[in-house]
K.L.:
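One structure follows; several queries about it will come next.
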Amino acid sequence: DMLYQAQHSRLATEHRLQQGKKAKVSIAADLQQLEAEHDEARENALSKATGMQKMVARIRQIVEVVDDLEAFKPTDLDVIDAEMAELVEAPLISKHRATDAGGLATLD
């Protein structure tokens, strides 16, 4: 009867050891999974941060352009239009008139 109890006790202890080993393996696998998920989350966060930095830089550029455009008053455009008319359009028009006049004179 004592032999039976000793064998039973030994088997129960071995069973608990096996259960402990399985639990240890399971915990190790869970830790590995958590570590992998943590690494992935960190990579995603870094990627998002990099993207945000690029977006912030681009927004700053756009704001600068808008500021420059707002500083460029419509009166400046009027001055440029007048200068363009004086420098480009007027000589072309007079050249066409001269050509037209010359063409008409040859018709006489």
Side-chain angles (χ1 to χ4, degrees):
D1 199 30
M2 284 188 52
L3 180 63
Y4 171 78
Q5 279 183 336
Q7 284 180 332
H8 181 71
S9 179
R10 189 175 63 84
L11 285 174
T13 302
E14 283 180 12
H15 180 72
R16 282 196 300 275
L17 278 172
Q18 288 290 16
Q19 292 300 102
K21 284 180 185 175
K22 286 180 185 174
K24 184 179 172 185
V25 168
S26 176
I27 289 169
D30 289 348
L31 284 173
Q32 244 180 342
Q33 177 70 28
L34 281 172
E35 190 177 348
E37 289 172 6
H38 181 263
D39 288 346
E40 185 180 350
R42 184 178 343 129
E43 286 175 23
N44 288 342
L46 286 172
S47 176
K48 284 180 184 174
T50 302
M52 292 295 279
Q53 286 174 337
K54 288 179 183 174
M55 193 178 354
V56 166
R58 186 70 183 117
I59 290 170
R60 283 193 179 125
Q61 287 177 333
I62 291 169
V63 167
E64 285 177 20
V65 169
V66 169
D67 287 347
D68 289 347
L69 287 174
E70 287 175 351
F72 193 72
K73 299 174 191 75
T75 53
D76 296 335
L77 286 174
D78 295 339
V79 170
I80 289 172
D81 284 346
E83 287 175 358
M84 286 293 287
E86 192 178 318
L87 296 173
V88 178
E89 293 173 14
L92 285 175
I93 291 170
S94 64
K95 181 180 175 187
H96 280 294
R97 285 191 182 142
T99 306
D100 289 346
L104 289 174
T106 57
L107 288 177
D108 288 346

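What you see is a predicted model, and the numbers here were worked out from it, not measured in a lab.
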K.L.:
Answer yes if Ile27 and Leu34 sit in the same cluster of Ile, Leu, Val, Met, Phe, Trp and Tyr residues linked by side chain heavy atoms under 4.5 Å apart, and no otherwise.
P.N.:
no

K.L.:
For Arg58 and Gln61, run side-chain hydrogen bond (donor to acceptor under 3.5 Å, both in side chains): C-alpha distance rounded to whole Å, both residues' side-chain angles, the deciding distance at 0.1 Å, then the answer.
P.N.:
CA-CA 5 Å; Arg58 186 70 183 117; Gln61 287 177 333; 3.0 Å; yes

K.L.:
In this structure, would Leu17 and Leu11 fall into the same cluster of hydrophobic residues linked by side-chain contacts under 4.5 Å?
P.N.:
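Cluster IDs for Leu17 and Leu11 differ.
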
K.L.:
Checking the side chain of Ser26 only, and the main-chain atoms of Lys22 only, is there a donor and an acceptor separated by less than 3.5 Å?
P.N.:
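No: the side chain of Ser26 does not pair with the backbone of Lys22.
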
K.L.:
For Gln32, does the CD atom have more than 12 heavy-atom neighbours from other residues, nucleotides or ligands under 6.0 Å away?
P.N.:
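Result for CD/Gln32: open.
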
K.L.:
Counting only N and O atoms by type, is there a donor-acceptor contact under 3.5 Å from the side chain of Ser9 to the main-chain atoms of Gln5?
P.N.:
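No: the side chain of Ser9 does not pair with the backbone of Gln5.
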
K.L.:
Same cluster for Val63 and Met55 if Ile/Leu/Val/Met/Phe/Trp/Tyr side chains link at under 4.5 Å?
P.N.:
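Same cluster.
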
K.L.:
What is the distance from atom OG1 of Thr50 to atom CE of Met52, rounded to the nearest 0.5 Å?
P.N.:
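The CE atom of Met52 is 11.5 Å from OG1 of Thr50, to the nearest 0.5 Å.
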
K.L.:
Does the pair Thr13 and Arg16 meet the rule for a side chain to side chain contact (heavy atoms under 4.5 Å, CB included), with working shown?
P.N.:
CA-CA 5 Å; Thr13 302; Arg16 282 196 300 275; 3.5 Å; yes

K.L.:
Run the side-chain hydrogen bond (donor to acceptor under 3.5 Å, both in side chains) check on Gln18 and Glu14 step by step: do they pass?
P.N.:
CA-CA 6 Å; Gln18 288 290 16; Glu14 283 180 12; over 6 Å; no

K.L.:
Does a salt bridge link Glu64 with Arg60, judged by any charged N lying under 4.0 Å from a carboxylate O?
P.N.:
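Result for this pair is no, no salt bridge flagged.
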
K.L.:
How many angstroms lie between atom CD1 of Ile62 and atom CG of Asp67, to the nearest 0.5 angstrom?
P.N.:
12.0 Å

